[in-house]
Amino acid sequence: MGRKAVEFFVRMGCSERPSTSAILDRLAELREGDKSTRVVVTKACRLLSLLSDEEISDANHRSRVFVPDTSCTLRPLHSVLYNDIGERAVLVSLGDDEYLAYDMINESLARSLHMDRLGLKFVDLKPLGIDMGEELGTTIRNRLGSYTSRQIVTEFVANAADAGATEFGVLVDEITITLSSDGILFGTLKDVWDGPSFVLYNDAVFTAADFDGICQTGIGGKSKRRDCIGQFGFGALTMFHLTDFAMIVSGDSVLFIEPTKQLLPLRGRAALLLPLRHVKQMYPDHIKLLVGMFGFEVSSTISYQGTLFRLPLRRHVKESSLGEAWDIHRLREVVVKPFQDHAEEFLLFTSIGTIMIKHRTSLENVRTWRISSVRKEEMTVNEFKTRVFDLSIRSDIDGPCQDIETQSWHVVSTSTSCQEDILESLSRYRLRSPVMLAIAARTDTETDRNHKRKLVYKFFSSLPLIPSYLPVHVSAPFILSDDRRQIRLDNLDQAAADYNRWLFSTAIPPLCLFLLSDLLDHDHKNVPWWPGDVHGENQLTQLVTCSFYSTLKDSNRRVFLPSHWARAIPIPLTSKEVVLADSHSVNGALDEVFRLLEPPLVLLPSRLIHRLHTVGLTQLTPAYLSNLVRRSLVNPAKYLRFEQLSELLSFLGRQSADDLLGLRLLPLSSGEFGMIERSTGASETYFIAPKSAHVLFPASQHLVHPKFKPSMSVCSHLLRTLNVEEFTGSSLNLLIVTVLHEGSVASHDNDIQAWIASFWNKCADMNVNLESISTFPLVPTRRPGLYTSIDNCRNRSAVILGTRRAHAWLWSLLSDLGLTVVECYSENFPRYLRDTFLENQETLID
């Protein structure tokens with residue numbers, strides 16, 4: 001009938017389609033006819049296709065619907081089953097009042113008639129979840145807006161950890177297969193199910209509550225649990241970033257989820273839970289691609305000891321699609337690679353010990369990247385627990401299987417109580433009580449060399465969140481934003497913000513202190529893991545560090561390792577015992593002094609020293625070191641080189657000359673060390689003398705050692721207020737007396753005569769003041785070995801020869817008369833003495 005004819009009859013008052021009653025009456029007439037033929041079946045099928053979903057759903061109408069069976073007999077709808085499993089129908093026994101539909105009833109018509117399906121005949125098809133209404137797709141789209149595709153694997157790791165899994169894996173599957181219509185649940189699934197997919201695995205098994213909970217998109221599947229990572233159970237919905245149809249195999253069950261409600265065989269159903277053995281038998285094409293994946297075998301007669309999520313990638317976008325199209329390359333770059341780059345983070349605070357990342361291009365070609373934890377030690381001290389383990393990474397993705405990297409980690413954890421009124425005010429977040437906290441420090445020393453990227457430490461809520469700007473990973477049950485990407489400190493929920501601040505400022509710092517002490521107990525120098533030594537602190541980090549250093553001041557934790565300790569096993573120090581110094585300021589002399597004296601000194605980076613200084617811990621000062629040296633039974637000066645000794649004196653005198661007093665640190669020419677005192681009232685005075693003085697007075701207890709070269713600052717202190725002077729002529733008086741006695745005349749042996757000759761030769765270098773030595777017998781006379789003093793010459797008690805022209809008999813005569821004769825112009829007479837004194841004496845005889 002043409003369109004115009006249709007319009008004519010409509011204008012005449014006719015309907016475009018028969019009424020429901022007319023259709024049902026005509027079906028009854030066909031059923032009561034004499035013959036059941038293919039013609040009858042054809043007419044019946046045309047009538048059945050005219051019925052709407054609302055008409056079929058009406059119980060009164062449904063009871064009057066008749067469907068042709070394989071014998072062309074029209075039978076009540078409830079007694080006819082659609083054969084959705086083809087030749088495998090022989091495996092199903094029909095009851096006395098059960099029949100198979102005629103093959104003219106196709107899958108689309110069977111679905112619109114809500115016909116029972118042969119493959120599902122003996123399956124309990126109870127509804128799953130509580131939010132299976134018409135707006136399910138919209139609900140999921142809204143939830144996906146809170147999660148990025150990069151979070152997909154993270155959320156599945158969280159679910160695996162919550163289930164107690166110890167293994168987790170993902171597989172990028174490029175395999176495509178040809179499917180038969182009777183090997184899958186619904187024929188239209190062929191275009192969805194036969195392409196590339198993303199498979200996620202863990203070795204835990206779903207419970208009945210888990211199957212029901214994953215379908216409860218309104219409230220999540222973890223509403224009554226306080227022992228889980230995820231707060232609401234929405235994370236599993238991230239799988240619909242990639243697919244519109246998901247299959248979950250776990251234990252002895254298979255769950256199909258299709259939120260758009262267009263691909264499952266039962267109209268209005270978004271989820272279908274079937275026994276695994278039933279799917280193997282009736283719909284084998286759904287699981288044939290799982291063979292060999294993470295230990296799954298079709299031939300196995302026991303339940304699968306694990307859980308597999310197969311997510312066929314969305315290759316085409318339709319109006320009903322939940323997201324964008326995906327291909328293998330995008331999947332690897334956007335989803336898998338970011339997860340692989342940080343996979344070790346997912347092993348630190350969860351029960352998971354192994355993560356596998358696989359890539360399959362054919363049944364025979366499967367490449368695997370694996371990271372596993374190898375526990376080395378686990379112990380509990382009071383309320384604190386320690387785990388020490390290595391993470392081993394192996395891969396054959398880029399070539400033959402090989403070890404890529406080994407990481408060493410030190411994890412400490414504890415539990416602490418939170419006030420019940422706080423928990424009650426936050427009941428909607430289902431917080432765990434007691435609060436579980438953990439900190440992880442990477443302890444292998446070659447981190448930067450082994451890592452292709454710089455290690456970024458993070459805050460965790462069992463799984464990684466945001467950078468912490470701390471030198472450790474910190475895990476705590478933070479209250480997060482809905483997308484699990486931010487820790488709440490905003491004013492929109494003041495109770496949640498206050499709780500998170502409590503975690504940062506009260507709960508976490510004591511665990512940081514335990515970590516530092518525990519690292520020392522495990523023979524690690526803990527300096528790299530002190531908080532507050534990382535650039536770029538944010539508000540969260542500052543809450544931790546400020547509270548940490550405030551707590552440290554009164555803590556009895558032994559968190560400081562002495563830097564100069566000669567014993568085999570150094571004893572860590574508390575904050576009350578320690579003396580702190582900048583590691584860049586202690587070297588050379590100070591380092592050697594501390595090695596000798598073994599003070600409770602700890603060397604730390606300057607930025608940590610600044611932090612610790614603000615809380616009042618003892619710092620290394622010149623006054624502290626001065627007292628340390630003064631009390632010590634060992635004089636460090638004996639073990640220092642001269643340049644080191646100068647460094648030491650420079651440090652001690654940096655703030656005040658008083659810090660030098662009472663210290664025997666002045667190296668003397670004698671090899672001993674003089675005590676530094678104030679110049680007034682000093683028991684000894686020491687001289688900084690020229691080289692000639694050291695030649696004349698070797699090993700003198702009054703001369704500063706010639707090799708000691710004090711700095712300008714030290715010289716300023718020593719010469720201005722302390723008992724050290726520059727060598728002058730007047731200084732000779734103290735030194736000559738160590739060689740000969742005062743007197744007007746004296747006889748000297750050959751050694752003293754040689755010394756006096758050397759003395760006069762070096763007088764010019766020493767700028768000797770003759771007045772200061774006038775009382776010593778240093779002037780040679782004509783009589784061998786006899787010497788007189790300059791004062792004796794002045795007193796005219798001696799005759800000084802004034803000219804070379806005098807006759808020899810005269811010198812002899814004068815000598816015989818008992819006079820002391822000084823031949824000032826003889827070749828052996830000291831030139832310095834003649835030039836500066838004797839030339840002007842009145843006792844010259846011409």
Side-chain angles (χ1 to χ4, degrees), residues 146-148 150-151 153-155 157-158 161-162 228-232 235 338-339 341-350 352 387 407 409-416 418 426 429 431-432 434-442 447 453-490 492-493 496-516 528-549 551:
S146 299
Y147 295 88
T148 68
R150 293 171 66 100
Q151 291 178 268
V153 182
T154 299
E155 295 302 325
V157 174
D162 289 341
C228 56
I229 297 169
Q231 291 181 327
F232 303 109
F339 170 69
D341 287 343
H342 300 274
E344 76 276 2
E345 298 174 357
F346 297 87
L347 303 180
L348 298 176
F349 304 115
T350 68
I352 296 173
R387 291 187 298 123
Q407 304 174 7
W409 288 87
H410 191 106
V411 179
V412 296
S413 59
T414 190
S415 61
T416 187
C418 183
L426 298 168
Y429 293 106
L431 299 173
R432 175 187 292 184
V435 174
M436 305 301 296
L437 309 167
I439 296 178
R442 184 168 174 182
T447 300
R453 68 185 194 285
K454 183 175 178 61
L455 183 61
V456 176
Y457 286 103
K458 300 176 181 178
F459 288 119
F460 284 58
S461 187
S462 291
L463 297 180
L465 299 172
I466 58 175
S468 69
Y469 301 102
L470 292 169
V472 292
H473 291 309
V474 177
S475 179
F478 301 111
I479 295 179
L480 309 177
S481 57
D482 290 345
D483 60 4
R484 285 183 46 81
R485 284 181 281 178
Q486 299 296 328
I487 298 173
R488 302 203 66 165
L489 283 183
D490 54 74
L492 298 178
D493 189 337
D498 290 344
Y499 167 77
N500 283 335
R501 288 192 180 91
W502 173 80
L503 287 175
F504 285 118
S505 60
T506 303
I508 294 174
L511 187 58
C512 293
L513 284 169
F514 175 75
L515 171 69
L516 295 179
W529 298 284
W530 277 75
D533 194 26
V534 178
H535 293 285
E537 287 188 355
N538 57 20
Q539 179 186 6
L540 305 181
T541 308
Q542 289 173 356
L543 286 172
V544 176
T545 54
C546 292
S547 179
F548 170 84
Y549 286 102
T551 303

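All figures in this text were calculated on a predicted structure; none of them were measured in a lab.
Between Pro477 and Leu437, some side-chain heavy-atom pair lies under the 4.5 Å cut-off. Looking at heavy atoms from C-beta onward, Phe339 lies in side-chain contact with Val157 at the 4.5 angstrom threshold. Taking the side chain as every heavy atom from C-beta outward, Val435 and Tyr499 approach each other to under 4.5 Å. Contact of the Trp502 side chain with the Thr416 side chain is registered, since non-hydrogen atoms from C-beta on lie closer than 4.5 Å. Side-chain contact check for Leu540 versus Ile466: some heavy-atom pair is nearer than 4.5 Å. Between Ile487 and Leu480, the closest side-chain pair of non-hydrogen atoms falls below 4.5 Å. Looking only at side-chain heavy atoms (C-beta outward), Thr545 and Leu470 come within less than 4.5 Å of each other.
Here the CZ-CE distance, from Phe349 to Met436, works out to 12.0 Å after rounding to the nearest 0.5 Å. Here CG of Asn538 is found 9.0 Å from CG of Leu543. Values are rounded to the nearest 0.5 Å. To the nearest 0.5 Å, the span separating CD1 on Ile439 from NE2 on His410 amounts to 10.5 Å. A distance of 7.5 Å separates CG of Leu426 from SG of Cys418, quoted to the nearest 0.5 Å. For the atom pair CD (Gln542) and OH (Tyr469), the distance works out to 12.0 Å, reported to the nearest 0.5 Å. Considering CG of Asp498 and CG of Leu503, their distance stands at 11.5 Å, rounded to 0.5 Å.
Of all the heavy atoms in Leu348 and Ala440, the pair that sits closest is CD1-CB, 4.1 Å. Residue Phe460 comes nearest to Leu465 through the heavy atom pair C-CD1, 3.7 Å, listed as atom of the first residue, atom of the second, then distance. Nearest heavy atoms, Pro531 versus Pro471: CA-CD, 4.0 Å.
Every residue meeting the side chain to side chain contact (heavy atoms under 4.5 Å, CB included) condition with Pro509, not counting sequence neighbours, appears here in chain and number order: Ser547, Phe548, Thr551. A search for side chain to side chain contact (heavy atoms under 4.5 Å, CB included) contacts involving Ala441 returns Val472, Leu515, Trp529, not counting sequence neighbours. Residues that satisfy the salt bridge (charged side-chain N to carboxylate O under 4.0 Å, His left out) test with Arg150, not counting sequence neighbours, are absent from this structure.
Ring orientation note: the planes of Phe478 and Phe459 are nearly perpendicular, at an angle over 60° on the 30°/60° scale. Taking the six-membered ring for Trp and thresholds of 30 and 60 degrees, His473 and Trp409 have nearly parallel ring planes, at less than 30 degrees apart.
A donor-acceptor pair under 3.5 Å is formed between the side chain of Ser481 and the backbone N or O of Gln486. One N or O on the side chain of Asn500 and one on the backbone of Arg488 form a donor-acceptor pair closer than 3.5 Å.
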